[in-house]
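Every chain is numbered from 1 and lettered A, B, ... according to where its sequence line falls, protein lines coming before strand lines.
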Number of protein chains: 2
Amino acid sequence: MRYAGLEEVSIVSNADWVAEIAALVGEPARAHMLLALGDGRALPAGELAACADVTAQTASGHLARLEQAGLVTVVRQGRHRYYRIASVEVASMLEAVMAVAAVSPPAVMRFHADPVLQEARTCYNHLAGRLGVAICDALVRIRAVVLDGEIAHVTTEGLAFLESWGINVSRIRLHPACRTCIDWSERRHHLAGTVGIAIHEHCLALQWIEHHLDSRAVRITPTGERGLRTVFGIALTELR
Amino acid sequence: MRYAGLEEVSIVSNADWVAEIAALVGEPARAHMLLALGDGRALPAGELAACADVTAQTASGHLARLEQAGLVTVVRQGRHRYYRIASVEVASMLEAVMAVAAVSPPAVMRFHADPVLQEARTCYNHLAGRLGVAICDALVRIRAVVLDGEIAHVTTEGLAFLESWGINVSRIRLHPACRTCIDWSERRHHLAGTVGIAIHEHCLALQWIEHHLDSRAVRITPTGERGLRTVFGIALTELR
DNA sequence: GCGACGCTTCGGCGCCGGCCGAAGCGTTCC
DNA sequence: GGAACGCTTCGGCCGGCGCCGAAGCGTCGC
């Protein structure tokens with residue numbers, strides 16, 4: 001039966017294109033390179049080849065395909081070609097695949113809970129891992145934030161707290177809520193969106209964290225260790 | 001240099017697992033079957049084989065791999081085996097891949113804008129396509145909802161509107177905000193999360209929409225056509 | 001100007017995975 | 001009880017893809 005011109009139509013070619021995009025990620029060397037770029041940085045082709053443990057020729061071929069499909073962008077700088085994740089959509093897709101990988105059944109569970117990435121890392125533009133989850137938990141504990149499914153609502157106390165910590169909350173005050181990510185390593189939530197990005201950027205500005213040179217892992221500095229304990233009540237030992 | 005026991009460690013085995021999950025989606029026959037299940041329904045293996053245009057043996061092998069990896073679950077009912085998407089994470093991953101596929105560069109753009117799926121479909125548990133986007137736009141127009149990146153905030157007027165339409169807003173009132181999805185077919189937002197689900201379920205309850213028997217497409221009934229015009233100011237012609 | 005470096009292109013090889021025909025198992029209907 | 005149906009398992013074939021050595025191009029440092 002038909003309504004208003006609706007017809008029964010196959011979704012064939014969309015599935016083919018979805019398969020093509022997923023297949024680009026579904027090859028270990030390419031996945032390594034994409035995840036290496038996962039924290040938003042730009043890396044040269046040689047370094048990506050090393051990440052993936054393949055030769056420059058192999059890496060070059062893979063990167064060409066990723067670029068043609070729009071998953072990465074490339075900028076030439078002298079003899080170097082710097083690659084980066086092309087869009088937030090691509091980064092989100094990688095996190096989504098990781099979220100699925102993290103909840104795979106124990107029988108085939110081979111997802112390596114890398115202690116360093118579990119402890120603190122960036123999730124494209126915000127903090128993730130145990131640090132990200134601990135900050136989220138601390139904000140919930142002091143009722144700065146209320147979790148509701150995939151949304152985190154910032155309370156009036158929360159705005160005051162963030163402001164006293166030094167974050168400019170003028171934009172957050174307009175819409176005191178943000179997205180959360182399901183953290184694949186902890187299987188709990190960390191803050192994403194406007195609040196998550198603001199916290200990440202503020203931790204960098206305070207030099208509480210440093211970005212690892214060649215990994216998504218994030219280093220917590222001694223200053224950061226003290227600050228996390230003082231401001232959030234987070235002991236570094238609880239992140240290990 | 002090291003801080004607090006942090007060590008430089010490769011992310012090798014995580015990438016391998018991400019590649020394995022993505023590769024499961026990255027094969028056209030499996031992608032067809034997964035997308036066929038994308039609206040949350042359960043389908044028997046034979047029907048999935050037909051969706052993917054492969055024999056029962058081929059479909060059986062693919063489904064076994066999907067089940068082993070935890071992407072689908074299976075329930076036996078007599079001689080039939082009914083498969084469904086295993087979790088919200090898997091559904092989100094499929095949407096994330098589709099979002100990337102939709103924004104691929106024009107040079108390799110082969111994503112088929114299926115008119116039926118573009119018009120109205122379900123996105124796992126909420127409305128998507130032109131209908132989903134039109135409802136979102138209408139709510140923004142009457143200031144029932146304010147968009148802020150990936151978050152949609154429900155205003156006081158919005159709560160009143162939804163309540164007068166017949167939705168129980170007691171839960172939404174607690175946290176008047178929800179997630180949005182980037183609609184791959186329209187490249188604009190539609191409402192997901194609590195509000196998106198509530199709207200989808202209410203449209204079903206009012207019999208404004210019907211689920212298509214073997215597709216993610218959603219049928220808009222004559223009752224729905226009138227209701228959409230009356231309540232939301234949406235003409236069916238603007239959805240075609 | 002020349003050598004070194006970063007990276008790309010070309011061509012070839014080997015392996016893996018998707019396919020289906022045949023056979024088999026469990027369930028249902030007559 | 002036997003035929004039909006839904007689906008799984010087995011075995012084999014074939015095409016595609018990932019790999020790298022060799023060669024080449026553009027850039028940079030001395």
C:dC5 C1' sits how many Å from A:E47 CD, rounded? 15 Å
Nearest atoms (heavy-atom pairs only) where [X] meets [Y]:
{"X": "A:A52", "Y": "A:A29", "value": "CB-O, 3.5 Å"}
{"X": "A:V195", "Y": "A:C178", "value": "CB-SG, 3.7 Å"}
{"X": "A:L63", "Y": "A:V72", "value": "O-CG2, 4.2 Å"}
{"X": "A:L191", "Y": "A:C136", "value": "CD2-SG, 3.9 Å"}
{"X": "B:A101", "Y": "A:W17", "value": "O-NE1, 2.9 Å"}
{"X": "B:A36", "Y": "B:C51", "value": "CB-SG, 3.8 Å"}

Spacing of [X] atom [atom1] and [Y] atom [atom2] [to the nearest 0.5 Å]:
{"X": "A:M93", "Y": "B:L94", "atom1": "CE", "atom2": "CG", "value": "12.0 Å"}
{"X": "A:L37", "Y": "A:R84", "atom1": "CG", "atom2": "CZ", "value": "9.0 Å"}
{"X": "B:I21", "Y": "B:L66", "atom1": "CD1", "atom2": "CG", "value": "9.5 Å"}
{"X": "A:I167", "Y": "A:L206", "atom1": "CD1", "atom2": "CG", "value": "8.5 Å"}
{"X": "A:M98", "Y": "A:L35", "atom1": "CE", "atom2": "CG", "value": "5.5 Å"}
{"X": "B:R41", "Y": "B:Y82", "atom1": "CZ", "atom2": "OH", "value": "11.5 Å"}

Any side-chain to backbone donor/acceptor pair from A:T221 onto A:W208? Under 3.5 Å, distance only. yes
N/O donor-acceptor pair under 3.5 Å between A:R30 side chain and B:A19 backbone: no
For residues 23-30 of chain A, which residues have at least one heavy atom under 4.0 Å from DNA chain C?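 Those residues: none at all.
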Interface with DNA chain C, restricted to residues 56-64 of chain B and to heavy atoms under 4.0 Å: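 The stretch gives B:Q57, B:T58, B:H62 as the residues lying under 4.0 Å from the strand, ordered by number.
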Please enumerate all residues that pass side chain to side chain donor-acceptor pair (under 3.5 Å) together with A:R79, with sequence neighbours excluded. none
Is A:Y83 touching bases, backbone alone, or none of the nucleic acid, heavy atoms closer than 4.0 Å? sugar-phosphate
With heavy atoms of chain B within less than 4.0 Å as the criterion, where does contact along DNA chain D begin and end?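 From 5' to 3', the first and last contacting nucleotides are D:dA4 to D:dT9.
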Measure all distances between protein nitrogen or oxygen atoms and nitrogen or oxygen atoms of nucleotides 28-30 of chain C, and list the pairs falling under 3.5 Å.
{"from": "C:dT28", "atom 1": "O4'", "to": "B:R79", "atom 2": "NH2", "distance (Å)": "3.0"}
{"from": "C:dT28", "atom 1": "O2", "to": "B:R79", "atom 2": "NH2", "distance (Å)": "3.3"}

So for the helix from C:dG1-D:dC30 to C:dC30-D:dG1, with five pairs setting each end axis, what is the inter-axis angle to 10°?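 End-to-end axis angle for the helix from C:dG1-D:dC30 to C:dC30-D:dG1: 30°, rounded to 10°.
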